[in-house]
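Structure first, then comments.
Scope of the values below: all heavy atoms of this structure, side chains included, with no hydrogens, waters or symmetry mates. These figures come from a predicted structure and were not determined experimentally.
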Amino acid sequence: MRAVTSCALLFCAALAAASQGCGYRLAGRADLMPRSIESVAIPAFRNSTYRYRLSERMPAAIAEEFISRTRYRVVPKPEEADAVLEGAITQFNAYPSVFDPTTNRASIVQASLMLDVTLRERATGKVLFSRSRWEFRERYEISIDQKAYFDESDAALERLSRDVARTLVSGILEDF
């Protein structure tokens, strides 16, 4: 009888431990935002750089990421939203990082972007998420053959925008 009771207790303890899990969870699955937030507005970012389309690309990519990964509605007007995500692109640099040894021309460019973002609850003004001087980088190739030249910078900025969106939405959801 005592052996049966010990086995039953051991089984119950193992079952309880298994139900507690190991503490790990999948990244991008948490949602630490207040339940009162149901909609988010993402207006065009301020842009202090010479890359003129970045201020529209970033919010568009972030809106797509919010729509595809979260329960939040993205609304066009800040006054209609429960939370407003404001951003500023403070710095953009693109510089050659690899040179072709034969022609001595740049073959790879490193693009670097500095971003400030703040997510505020509209009703109270409470800051829900904020990052300053957040840096993102993207490399892209340049054709060294002038006849076959294709400007890869626009595609690189699209990739950079998607990377910013993924990282930002994960940061907001998981409060990193």
Side-chain angles (χ1 to χ4, degrees), residues 25-99 106-142 149-176:
R25 59 183 159 77
L26 292 175
R29 300 286 187 221
D31 187 352
L32 301 177
M33 296 257 290
R35 286 283 165 211
S36 62
I37 305 297
E38 294 178 1
S39 60
V40 178
I42 309 169
F45 285 7
R46 290 185 316 278
N47 188 356
S48 304
T49 73
Y50 65 90
R51 294 303 291 214
Y52 65 94
R53 280 199 247 155
L54 279 175
S55 59
E56 291 87 27
R57 273 189 185 159
M58 291 291 161
I62 294 165
E64 283 181 32
E65 193 72 14
F66 260 104
I67 291 167
S68 68
R69 286 186 49 199
T70 72
R71 63 179 173 82
Y72 306 106
R73 288 180 298 115
V74 175
V75 296
K77 297 179 183 175
E79 57 272 7
E80 297 173 352
D82 298 320
V84 179
L85 179 69
E86 295 175 331
I89 301 163
T90 59
Q91 194 173 43
F92 178 82
N93 294 309
Y95 49 89
S97 60
V98 175
F99 292 87
S107 59
I108 295 181
V109 172
Q110 177 80 34
S112 173
L113 171 83
M114 196 76 70
L115 185 65
D116 294 342
V117 291
T118 303
L119 179 67
R120 279 188 172 66
E121 188 172 16
R122 191 180 59 81
T124 64
K126 178 183 174 188
V127 173
L128 302 172
F129 179 86
S130 183
R131 288 285 187 283
S132 295
R133 302 192 51 76
W134 210 356
E135 187 173 13
F136 294 88
R137 296 173 185 245
E138 177 69 33
R139 290 173 55 143
Y140 62 93
E141 292 185 34
I142 299 176
Y149 178 76
F150 174 74
D151 185 13
E152 175 68 18
S153 65
D154 278 346
L157 291 179
E158 283 298 322
R159 290 190 303 270
L160 184 61
S161 296
R162 286 192 306 269
D163 182 42
V164 167
R166 246 186 331 272
T167 304
L168 177 61
V169 170
S170 290
I172 289 170
L173 294 177
E174 299 179 8
D175 197 26
F176 283 128

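Rounded to the nearest 0.5 angstrom, Met114 CE and Arg137 CZ are separated by 8.0 Å. Atom-to-atom distance recorded for Glu65:CD and Ser161:OG is 12.0 Å, nearest 0.5 angstrom. The distance from the CG atom of Asn47 to the CE atom of Met58 is 9.0 Å, given to the nearest 0.5 Å. Taking OG of Ser39 as the start and NZ of Lys77 as the end, the distance is 13.5 Å to the nearest 0.5 Å. Atom CG in Asp163 sits 11.0 Å away from atom CG in Leu168 (nearest 0.5 Å). From Thr90, atom OG1 reaches atom CG of Leu115 across 7.0 Å, with rounding to the nearest 0.5 Å.
Contact between Arg133 and Asp116 at its shortest, heavy atoms only, is N-OD1, 2.6 Å. Contact detail for Ser36 and Glu121: the closest heavy-atom pair is OG-OE2, 3.4 Å. Annotation for Ile172 and Leu119: closest pair CG2-CD2, 3.7 Å, computed over non-hydrogen atoms. Considering all non-hydrogen atoms of both residues, Pro43 and Pro59 come closest at O-CG, 3.6 Å. For Leu128 against Pro34, the heavy-atom pair with the smallest separation is CD2-CG, 3.9 Å. Listed here is the closest heavy atom pair of Ala165 and Ala61: CB-O, 3.4 Å.
Residue pairs meeting the salt bridge (Lys or Arg N to Asp or Glu O under 4.0 Å) criterion with at least one partner in residues 48-59, sequence neighbours excluded, are Arg51-Asp154, Arg57-Asp154, Arg57-Glu158.
No donor-acceptor contact under 3.5 angstrom links the side chains of Ser112 and Gln91, judged on distance only.
In this structure, Phe45 has no ring pair (Phe, Tyr, Trp, His ring centres under 6.0 Å) partners at least two apart in sequence or on a different chain. Checked against salt bridge (Lys or Arg N to Asp or Glu O under 4.0 Å), Glu64 has no partners two or more places apart in sequence or in another chain.
Looking at heavy atoms from C-beta onward, Arg122 lies out of side-chain contact with Asp82 at the 4.5 angstrom threshold. Arg69 has its side chain within reach of Ser170: a pair of non-hydrogen atoms, C-beta onward, lies under 4.5 Å apart. Tyr72 places a side-chain heavy atom less than 4.5 Å from the side chain of Leu173.
The aromatic rings of Tyr50 and Phe92 sit perpendicular to each other, their planes meeting at more than 60°, with 30° as the lower class boundary.
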